[in-house]
Amino acid sequence: MEKYNVKQILALESYGETITVEGWVKTKRGSKNVAFIALNDGSTINNIQIVVDFEIIDASLLDDVHTGASLKITGELLKSEGKNQTVEIKASEVIIYGKANPDEFPIQPKRHTLEFLREHAHLRFRTNLFGAITRVRHAMIFAIHDFFNQKGFCNVHTPIITGSDAEGAGEMFRVTTLPLDIPPKTENGTIDFSEDFFGKETNLTVSGQLEAELAALALSKVYTFGPTFRAENSNTSRHLAEFWMVEPEVAFADINENMDLAEELLKYCVKYAMEKCSDDIDFLDSRFSNEQKGKPQNERSELGLKEQMNFVLENDFVRLSYTDAIEILRNSKPNKKKKFNYIIEGWGADLQSEHERYLVEKHFKKPVILIDYPKEIKSFYMKQNDDGKTVRAMDILFPGIGEIVGGSQREENYEKLKTRMGEMNIPQEEMWWYLETRKFGTVPHSGFGLGFERLLLFVTGMGNIRDVIPFPRTPKNAEF
RNA sequence: UCCUCUUUAGCUCAGUUGGUUAGAGCACCUGACUGUUAAUCAGGGUGUCCCAGGUUCAAGUCCUGGAAGAGGAGCCA
């Protein structure tokens, strides 16, 4: 006898065939002679309807079948008499693998708040919503590897434990095996890390970029896709302490090729989701619309989820220099009427969230790529422009999400890089290996970082980043 | 880290001016119903009112401190 998953069964037409299916109960509806069980195994968002005829199955068996129980059903595949499905299974045997006591099982067949489900992250996979998000997340992982593989990129695993704390991307998590209560001390009273596991201070990585650059300067086109850790005390719906980042690095590529690559990658992923996860995206689209209905008019999204995705696919991203952005913002209504919390006075100011949102959501109403930022507000490794004021940085801003990509052309000139490190107090002795790549066969190269969970926010229409990663790590929260 | 808001039944929430025994819907159980679609209809009881202090004859309600969660800001991806 053939064993199928629910997704396969829903596509079968071999009526009369005896088949077996295993899964978890979504809902049970009973009447005097017959009961209906909606069964799901996670292979699709759709359920298979099990018909239990009490002339064939003892009705008391279903006393232990509630939402959440796990079952093995054997029965006959039939064309459904009901309206909402094409096929169903008329059970000849019902085996209960595990009950789910409804007094204790927290996932009821009703609407739960996302906050409640976050506190039950071990069980939230069982909901339609988190099943859909998990499948879309999987598809996006594949889309990314697929994209780069097709383009001849080499995937490189960069280290997760790093000996450098000079990457400048944020606060780091210390990795140590030293005893916390009585750490060994040096003569002048500081902690003696020479006795630590690695013989030096080590941390969890905040970015694989620097190591990816090393690989790019031999393999030309590489990317890393791995976990990243930031010990910032950020309590927002867009930040995680542990998140996944896609970081391509390309030799012989300038900032324009870098922007082309990022735009193409984002569009590829969005298209992939719409094509490969259409059932899940349909579900997420209607969830998104329902959520918008509950919001005040001025906070509602003008477009639906699928409309937003199509819009991104059909339009070129706006490419705009920092200097031009400042001009637009300075002459904007909210700036003149002093509606911004931070009024744009002139060139040099860092852009705040409200400014980025104005550009993306009000002025252009499209994804925007901002380039050529003042060097003072960007990292040491970014290539300096000839004007002596700006660097070849690029940030991609998405509606509702903000910065989804940050990247740059890298400074390939040894002397310029060294000078800039000095100016920005980056310890050069520690970074000797990074500098050496500029000494031996240096080439122009570029790369960027794409926040994987931020991409998922866009593709799923979810509003909180804690809901697009299975087990979110945030300040004061490492349960599960 | 800062600002604002929230915390009452398993879940979602209401609870008036501080005043008797703290309520509703869902879930659950029982019954009815020949095929339901988060089935429907009738009946059944459930509480550390987030924690610790304080004010008061009396606190879910007022005050102080704390914790957790959410939204926004900063940092960024």
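Quick note on labels: first sequence line is chain A, next is B, and so on, each numbered from 1.
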How close or far is atom [atom2] of [N] from atom [atom1] of [X], stated in whole angstroms?
{"X": "L62(A)", "N": "rC29(B)", "atom1": "CG", "atom2": "P", "value": "12 Å"}
{"X": "L351(A)", "N": "rC75(B)", "atom1": "CG", "atom2": "P", "value": "10 Å"}
{"X": "Q108(A)", "N": "rC29(B)", "atom1": "CD", "atom2": "P", "value": "12 Å"}
{"X": "F36(A)", "N": "rU36(B)", "atom1": "CZ", "atom2": "P", "value": "7 Å"}
{"X": "N477(A)", "N": "rA70(B)", "atom1": "CG", "atom2": "C1'", "value": "13 Å"}

Closest to side chain of [X], choosing from [options]:
{"X": "R466(A)", "options": "rC75(B), rG71(B), rG35(B)", "result": "rG71(B)"}
{"X": "E115(A)", "options": "rU36(B), rG69(B), rC75(B)", "result": "rG69(B)"}
{"X": "T113(A)", "options": "rC28(B), rG72(B), rU12(B)", "result": "rU12(B)"}
{"X": "F116(A)", "options": "rU12(B), rA73(B), rG35(B)", "result": "rU12(B)"}
{"X": "H112(A)", "options": "rG74(B), rC11(B), rG69(B)", "result": "rC11(B)"}
{"X": "P102(A)", "options": "rU36(B), rC33(B), rC28(B)", "result": "rC28(B)"}
{"X": "T236(A)", "options": "rA73(B), rA70(B), rA27(B)", "result": "rA73(B)"}

Base of rA77(B) and ring of F452(A) stacked, centres under 5.5 Å, planes under 30° = no
[N] and [M]: how far apart are their [atom1] atoms, nearest whole angstrom?
{"N": "rA38(B)", "M": "rC33(B)", "atom1": "P", "result": "24 Å"}
{"N": "rG60(B)", "M": "rA42(B)", "atom1": "P", "result": "34 Å"}
{"N": "rG15(B)", "M": "rC57(B)", "atom1": "C1'", "result": "23 Å"}

With no hydrogens and no angle check, do the side chains of [X] and [Y] hold a donor and an acceptor under 3.5 Å apart?
{"X": "Y381(A)", "Y": "E213(A)", "answer": "no"}
{"X": "E88(A)", "Y": "S80(A)", "answer": "yes"}
{"X": "R287(A)", "Y": "S289(A)", "answer": "no"}
{"X": "N46(A)", "Y": "D279(A)", "answer": "yes"}

Distance test, side-chain N/O of [X] to OP1/OP2 of [N], below 4.0 Å:
{"X": "N33(A)", "N": "rU34(B)", "answer": "no"}
{"X": "T27(A)", "N": "rA38(B)", "answer": "no"}
{"X": "R29(A)", "N": "rA39(B)", "answer": "yes"}
{"X": "R118(A)", "N": "rA68(B)", "answer": "no"}
{"X": "R238(A)", "N": "rA73(B)", "answer": "yes"}
{"X": "Q352(A)", "N": "rG74(B)", "answer": "yes"}

Suppose we call a contact any N or O donor and acceptor under 3.5 Å apart; does that hold for the side chain of [X] and the base of [N]?
{"X": "N235(A)", "N": "rU1(B)", "result": "yes"}
{"X": "S234(A)", "N": "rC75(B)", "result": "yes"}
{"X": "E232(A)", "N": "rU1(B)", "result": "no"}
{"X": "E354(A)", "N": "rG72(B)", "result": "no"}
{"X": "H239(A)", "N": "rC75(B)", "result": "yes"}

Looking at F153(A), F147(A), F452(A), which one forms a ring-ring contact (aromatic ring centres under 6.0 Å, His included) with F225(A)?
-> F452(A)
To the nearest 0.5 Å, how far apart are CD in E242(A) and CD1 in I469(A)?
-> 6.0 Å
With ring pair (Phe, Tyr, Trp, His ring centres under 6.0 Å) as the test, would you mind laying out the steps for F148(A) and Y223(A) before giving the verdict?
-> CA-CA 8 Å; F148(A) 286 119; Y223(A) 71 106; 4.4 Å; yes
When every non-hydrogen atom of C269(A) is compared with those of I144(A), the smallest separation belongs to SG-CG1, 3.8 Å
Tabulate below the donor-acceptor pairs under 3.5 Å that side-chain atoms of residues 9-16 of chain A make, not counting sequence neighbours, or state none.
| from | atom 1 | to | atom 2 | distance (Å) |
| --- | --- | --- | --- | --- |
| S14(A) | OG | E17(A) | OE1 | 2.5 |

Where each pair must be Watson-Crick or G-U wobble with both distances under 3.5 Å, what dot-bracket representation of RNA chain B is obtained, with crossing pairs in [ ] and other-strand partners as |?
-> (((((((..((((.....[...)))).(((((.......))))).....(((((..]....))))))))))))....
